[in-house]
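Notes follow the structure.
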Amino acid sequence: LSRILPPPPKEIAVKLEGMPECRDVESSVDLSSYLLKKLADGSLTPSQASLMSGIIEKHLKCLQINDLEKRLTDIEEKLDEKQ
């Protein structure tokens, strides 16, 4: 049978309408809550929700690094002004 029918796709695209944007730590909480609701109502499988959570975590780390870089630049500029 596997020679006649192609294997099913391993990944299926999921459209998540109304998904909140992750702009900072506070909005990541809203996004996590949104994913939990989608998992609970069956819109996402546990593996899809887990994958999305990992992506959100990486995105949040990027946002945090960007924020730290801006803060460090501000501190360096203030120190240069004092000297």
Side-chain angles (χ1 to χ4, degrees):
L1 188 61
S2 64
R3 293 180 187 171
I4 299 171
L5 296 174
K10 292 185 179 186
E11 294 185 31
I12 297 172
V14 178
K15 293 186 180 184
L16 299 174
E17 294 184 23
M19 187 170 85
E21 186 179 345
C22 184
R23 297 173 309 279
D24 49 30
V25 176
E26 291 81 21
S27 62
S28 69
V29 174
D30 295 336
L31 186 50
S32 292
S33 296
Y34 173 83
L35 289 178
L36 284 173
K37 288 177 188 174
K38 291 297 183 179
L39 178 63
D41 73 12
S43 298
L44 289 176
T45 65
S47 61
Q48 289 170 329
S50 177
L51 179 63
M52 289 293 295
S53 294
I55 293 169
I56 292 166
E57 183 180 352
K58 288 178 184 178
H59 180 68
L60 186 57
K61 285 182 183 181
C62 289
L63 292 172
Q64 290 170 334
I65 289 170
N66 188 43
D67 182 55
L68 287 172
E69 186 176 323
K70 286 179 183 177
R71 291 168 139 192
L72 182 59
T73 301
D74 289 344
I75 290 170
E76 288 173 341
E77 288 174 358
K78 288 178 183 177
L79 287 174
D80 287 342
E81 289 173 3
K82 289 183 179 182
Q83 293 179 355

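Computed from a prediction, not measured in an experiment: that's the story for all the values here. Quick note: residue numbers are just sequence positions, from 1.
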Do [X] and [Y] sit in the same hydrophobic cluster, where Ile, Leu, Val, Met, Phe, Trp and Tyr count as joined when their side-chain heavy atoms come under 4.5 Å apart?
X: I56; Y: M19; result: yes
X: L36; Y: V29; result: no
X: Y34; Y: M52; result: yes

Close side-chain approach of L63 to R23, heavy-atom, < 4.5 Å: no

Taking the side chain as everything from C-beta on, heavy atoms only, tell me whether T45 gets closer than 4.5 Å to V14. no

Say you draw a straight line from [atom1] of [X] to [atom2] of [Y]; how long is it, rounded to the nearest 0.5 Å?
X: I65; Y: E69; atom1: CD1; atom2: CD; answer: 9.0 Å
X: L51; Y: L35; atom1: CG; atom2: CG; answer: 10.5 Å
X: L68; Y: K61; atom1: CG; atom2: NZ; answer: 13.0 Å
X: H59; Y: E21; atom1: NE2; atom2: CD; answer: 7.5 Å
X: I75; Y: D80; atom1: CD1; atom2: CG; answer: 12.0 Å

Looking at L79, D74, L72, which one forms a side chain to side chain contact (heavy atoms under 4.5 Å, CB included) with E76? L72

Looking at every non-hydrogen atom in both residues, tell me the closest pair between L39 and A49 and how far apart they are. CD1-CB, 4.1 Å

Determine the minimum heavy-atom distance between L31 and P20, stating which atoms define it. CD1-O, 3.5 Å

Can we say D67 and R71 salt-bridge, meaning some charged N sits less than 4.0 Å from an Asp/Glu carboxylate O? yes

Could you check whether S27 and D30, counting side-chain N and O atoms only, form a donor-acceptor pair closer than 3.5 Å? no

Main chain of S28, side chain of S32: is a donor-acceptor contact present, judged purely on distance under 3.5 Å? yes

